[in-house]
Amino acid sequence: MNKKNLIVANWKMNLKTNDGVKLVQHVLDNGYDSDVIEVVICPSFLSLEAINRTVTKSPISVGAQNIFWIAGEGPYTGEVSSYLISGVCDYVIIGHSERRTILNEDDVLINKKVVSAIENDIVPIICVGETETNTSESDVKSMIFEQIAYAYDGISDEDAINTVIAYEPSWAIGTGNNNDSEVINRVCLECIRGGLNELYDSRVSNLVRTIYGGSVTGSIVSEIVQQEFVDGVLVGGASLSPDGFLEILRNSY
Ligand code: 13P
């Protein structure tokens, strides 16, 4: 298999800047095979510049965990736009289930954020997935089809190609209950590529990378990324430990 897996660390509201820099330095000092995986670190806004300096001249990229829906500058107290992070970030996570549920982000807002990211040449990592365990696969499919239809509203073929979709069932996040790797593969194929195929031709849906998130650890990552339609993982808790994250990187191919 010659796909290059994408490994995204979502640090959420963790790690002060010094601790984050030490973690990334540990990964750089100990190494992983950057020819076969691409690594993106998503720290808090506060640490973006320091992490960006730490990874200069390395193959690691930096991503934000969120952006405001207006792309430029303006009187929006407390918000950070795609324009402000451009030059520092290559990626941004959009529509994470924690933001959907805790901050009431809906699909219309998520679409505006996707448009805003693309406007400033930042690759959106769009999170989709069901909330309840034991949701039937047909319900998962209709939920994801709807999330994708909203997220990509107004997005051209060429812009859609340069996006990432993360399948993150919220019941699997932070619980230790990762989804079964064959189910993940089926969701990536039937629900995510299938959802994209409703909007674009197969050239687009074949090129959009589809990754999985939810209780990924070093011991299970290899089974997940070996699945044909899974192009990587989005890691929360296990990306906060220097050795735990390194183990994920070394087992991701
Ligand atoms: P955990 O890896 O802690 O389950 O978190 C997954 C996640 O939400 C990544 O965005």
Side-chain angles (χ1 to χ4, degrees), residues 5-15 19-20 23-24 27 37-45 47-48 51 60-67 89-105 110 113-114 117 122-133 135 140 143-144 147 151 163-181 183-184 187-188 192 209-225 227 230-252:
N5 287 314
L6 176 66
I7 313 301
V8 184
N10 176 9
W11 287 354
K12 307 189 181 182
M13 198 175 70
N14 295 291
L15 298 180
D19 296 325
L23 191 155
V24 172
V27 169
I37 57 170
E38 180 184 351
V39 178
V40 181
I41 305 285
C42 303
S44 77
F45 282 126
S47 304
L48 283 173
I51 299 295
I60 296 182
S61 305
V62 177
Q65 298 174 18
N66 177 43
I67 43 169
C89 293
D90 294 315
Y91 289 86
V92 60
I93 300 170
I94 293 178
H96 192 281
S97 65
E98 286 152 10
R99 298 197 64 85
R100 288 181 190 260
T101 53
I102 302 167
L103 293 144
N104 295 325
E105 291 199 359
I110 287 161
K113 292 186 176 193
V114 172
I122 297 169
V123 177
I125 301 171
I126 304 160
C127 300
V128 300
E130 76 279 12
T131 50
E132 302 295 327
T133 185
T135 308
V140 170
M143 281 174 203
I144 292 181
Q147 289 166 337
T163 62
V164 177
I165 298 184
Y167 169 48
E168 284 212 320
S170 42
W171 55 265
I173 294 176
T175 58
N177 298 325
N178 57 286
N179 207 340
D180 179 79
S181 56
V183 175
I184 295 169
V187 170
C188 287
I192 296 182
R209 287 173 292 173
T210 54
I211 64 177
Y212 166 77
S215 296
V216 173
T217 61
S219 54
I220 56 148
V221 70
S222 138
E223 185 186 322
I224 296 172
V225 298
Q227 299 294 322
V230 181
D231 300 312
V233 285
L234 178 52
V235 189
S239 70
L240 299 174
S241 127
D243 287 327
F245 190 50
L246 208 51
E247 188 190 358
I248 290 182
L249 301 186
R250 289 178 173 171
N251 289 346
S252 288

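Both ligands and their constituent atoms are indexed starting at 1 by order of listing. Along the sequence shown, residues are numbered consecutively beginning with 1. Here the structure is a predicted model, which is why all the values come from computation and not from measurement.
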Flag [X] as yes when one of its N or O atoms lies below 3.5 Å from any N or O atom of ligand 1, and as no otherwise.
X	result
Thr175	no
Gly236	yes
Val235	no
Gly213	no

*Nearest to atom 7 (C) of ligand 1, what protein heavy atom do you find, and at what distance?*
Glu168 OE2, 3.0 Å
In terms of atom number and element, which parts of ligand 1 are under 4.0 angstrom from non-hydrogen atoms of [X]?
X	result
Asn10	9 (C), 10 (O)
Gly174	1 (P), 3 (O), 4 (O)
Lys12	5 (O), 6 (C), 7 (C), 8 (O)
Gly214	4 (O), 6 (C)
Gly237	1 (P), 2 (O), 3 (O)

Heavy-atom pair of closest approach, residues [X] and [Y]:
X	Y	answer
Val40	Gly63	CG1-N, 3.8 Å
Glu98	Ile173	OE2-CG2, 3.7 Å
Ile60	Val27	CD1-CG1, 4.2 Å
Gln147	Gly129	OE1-N, 2.9 Å

_Close approach of Ala238 to ligand 1, heavy atoms, under 4.0 angstrom_ =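 Not so, Ala238 does not reach ligand 1.
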*May I have all residue pairs that pass side chain to side chain donor-acceptor pair (under 3.5 Å) and include part of residues 238-252, sequence neighbours excluded?*
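Checked against side chain to side chain donor-acceptor pair (under 3.5 Å) - neighbours excluded - the pairs reaching residues 238-252 are His26-Asp243.
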*Do we see a donor-acceptor contact under 3.5 Å between the side chains of Trp11 and Gln65?*
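On atom types as modelled, these side chains do not qualify, holding no pair under 3.5 Å.
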*Write out all pairs satisfying salt bridge (charged side-chain N to carboxylate O under 4.0 Å, His left out) with one or both partners inside residues 169-180, taking only residues at least two apart or from two chains.*
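Applying salt bridge (charged side-chain N to carboxylate O under 4.0 Å, His left out) to every pair that reaches into residues 169-180, excluding sequence neighbours, yields nothing.
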_Presence of salt bridge, Arg209 and Glu38, under 4.0 angstrom_ =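 Result for this pair is yes, salt bridge flagged.
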